[in-house]
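Excluded from the calculations below are hydrogen atoms, water molecules and symmetry mates; all remaining heavy atoms, backbone and side chain alike, are included. So you know, we letter chains A, B, ... as the sequences are listed, proteins then strands, and number each from 1. This one's a predicted model, so the numbers in the text were calculated from it and none came from an experiment.
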Amino acid sequence: MKPLVSLKNIDKSFGKVKALCDVSLDIYEGEIHTILGENGAGKSTLINILSGIYAPDKGEISIFGRKVNLSSPRDAISNGIGTVYQHFKLVESMTVKENILLGQRDKDKDFNKKIEYILKKYDIKVNLEKYIEDMSVGERQIVEILKVLYRGAKVLILDEPTTVFTPQEAEKLFNIMRKIKEERCSVIFISHKMDEVIKISNRISVLRKGNFIKTLDKERTSIEELTRLMVGENVDLKIRKRESKKEKDFNKTSNNNELSIDKKSEEKRELSLRDVLIKVEGISLTEDVKKVFNNISFDVKKGEIFGIAGIAGSGQRELCEALAGVRKIKKGDIIFEGENLTGKSVREFMKKGINLGFVPEDRLGMGLVGSMDMVDNLMLKSYQLEKSPFLNRKPFKERAIELVKKLNIKTPDVNYPIKYLSGGNIQKILLGREIYINPKLLILVYPVRGLDINTCYTIYNIINEEREKGNSVIFVGEDLDILIELCDRIMVMSRGEVTKIVDSKDATKEKLGLLMLGMKDGESGEIC
Amino acid sequence: MTSFLHATIIAGTPLFLSTLGEILNEKAGNLNLGVEGMMLMGAVAGFLAAKGTNNAFLAILCSILFGCIGALIYAFLTITLRANQTVTGLALTIFGSGISSFIGQNLSGKVVPDRVKYFLSPIKLPLLGDIPFLGKVFFTQDIIVYFSYILAFAAAFYFYKTRIGLNLKAVGENPYAADAVSINVALYKYVNILAGGALCGLSGGYLSLIYVPAWQNNITSGRGWIAVALVIFAAWNPCKALLGAYLFGGLDIIGFRIQDGFISKYFLDMLPYLVTIIILTLFSFKRSKKNSPPKFLGLPYFREER
């Protein structure tokens, strides 16, 4: 059988960095072909070449056995390649219909006919007159797919489509993918979520550091093998979760008194015994008439990992920024160890000696200064409280060296501008700085986004260490499995409101997914 | 009153032309602060051509051409070389005012030849011109005023009713999305910026050939900047731009009309600029979905950016 798309010996470098090196790949008709790899493995570069965004330095691409030159997105589209990019390419101030029609010459009547046919065939429901800015991420994804289908693509490329999805939304997407496959088109699926990859794909190609490793049949492989190929070494994917100190003490004492209580009720009792570290009562934030979050109440106990789940943009990030004092709230109270923090600035927090560590979503924007080196970045947080007008870099340099060793940060030296380091190393520096002050509360917003597996687990373990020290952690995460495994309790948010706070022992991925869509448990139905 | 409104239209027309020019720029995602410069280039070129050829048509053509040349410099720097748009625009303004002073150094005080003046004098339209009051105000004007009426509606039609208008919106809102659906982003930007430059040049020519009509140094006296502000006032809508331009045109000439020594002339001259500041302040308080600028305004587009 002839391949539908065939890539031969593709090379691409950005300056000195080699993003792809001698990659060859065949995609056949009617298959779902996954490209698997860690961040920086070259997945995105590869699909950008296929969609005509980047020009390869070397190598050739053939479609239906014919050699093609894809020098612009126009070429890719006319050759039947349609791409749904990781960062959607939609115009927010236009309607669905306008977005689909962009760059097309079809008349209104033809459009209606064609779109109706597609909607019916793939069983997609969407309001064509709705504005993109009013849509959730899941709905936007559907629009992107519609756009591609409308242009009559034979090869559909999906770049990490499920990163921000609930399990239910992902299932919907998989159904569409299967239908496309039945139409004898191909799907190229980019992902790093193993269970999904195994579930949906026919064949899997692994990339590592810009090199092509292997193409495997789904039937003849396993998650373990794929992980090994992807990372290049055996990794231990276990979170070292130990009981927290207090819990242990409590267990000892309670064991002496009553021997016959089962573990679950014991922990529950123990939870209620713990002191509350931070209590949030009915806080709301409104920006530009839009409600960012509304009437949020919860508390976090000492030595607890408190998870926050929700579809991207449900207000989690803003909530954390408000807790950290970066955003001002107008209503409600934040009480930290009995002290009301409402309306106080970050500086006042520091002066009061409130130990609060904050790792924002945007690590180089709000967290660190990219063009400064490690030492300066460590100083940023503490020098403001120094009395002397002159800077003393020495202790910070020692601290930086210590951090490099402790967290295994890969940097040429501590005076190297951090923006040239990889995302994982930058995150370790940020996290290292925040835990150095031994915070009672550590707020992490998507701390593992875009990091390789090994660094992810380093960070999970750091979180657990904090818990063992009796400190609390607020953890905003995307991966529901990890949230369930790592956290004590999980608060689910939807459209800026708390749907429910669940104990992670009772939580399942599906249940969290429904809660994320704003449905209190039990209820289910169409997502509107 | 009729004559005041009549003069208001004349004072508002150059403002409208350059505002529409800037709207074209901004719809394509480019903030062009070189309006004042392009206007001055058009003004001096038109005046020189009128003096040299005695032909009104050629004079106007020259204004348009010079506005285009200014826009071409800007477009090449910001689109092809991806230079900073703010700095490039400011440089264009300084360049334009410099070159107009240089070329016009011996022209100060000279007036437009009679033949040209005659050709560009008000023409009463048949039928429409006979309507009482309105006919006198709106339909007894020179040909460029008539042209600007048509232009406002043509531009509105282009922006809101045509496919290329939709494509243009995508270029200004999200060029990455536009590129991904095979819209030629650079082409759209070039065409619209050049058309914008042509309008700014025409606006300058209107000042030196019809409004004044003589040469004086710095003939635009900040009207280009008012145009930039009017774009925000008009919320990127050409019809609202026409209304806004007439409002400011009225403020512009009010100083000539009220000369009773009671209110200082200098205070009245300041009025349009003062109102500009007030309007900009008010508009930044009230920000709604409809009145927001194109999302990629002022940002360079580079396909391979990572």
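- At least one side-chain heavy atom of A:R327 sits less than 4.5 Å from a side-chain heavy atom of A:R317.
- Remark: A:K12 qualifies as a cation-pi partner of A:F14 under the 6.0 Å distance and 45° angle criteria applied to the six-membered ring.
- When heavy atoms are compared at a cutoff of 4.5 Å, B:K295 approaches chain A solely by way of its side chain, counted from C-beta outward.
- Between A:T95 and A:K130 there is no side-chain heavy-atom pair separated by less than 4.5 Å.
- For A:S13 and A:D57, the side-chain atoms include at least one donor-acceptor pair closer than 3.5 Å.
- At a 4.5 Å heavy-atom cutoff, the contact between A:I77 and chain B is made by side-chain atoms alone.
- For B:Y176 and B:Y301, the distance between ring centers is under 6.0 angstrom.
- Between chain B and the residues A:L102, A:N99, A:L90, A:N48, the largest count of heavy-atom pairs under 4.5 Å involves A:L102.
- When heavy atoms are compared at a cutoff of 4.5 Å, A:R151 approaches chain B solely by way of its side chain, counted from C-beta outward.
- Of the two parts of A:Y85, only the side chain, counted from C-beta on, holds a non-hydrogen atom closer than 4.5 Å to a non-hydrogen atom of chain B.
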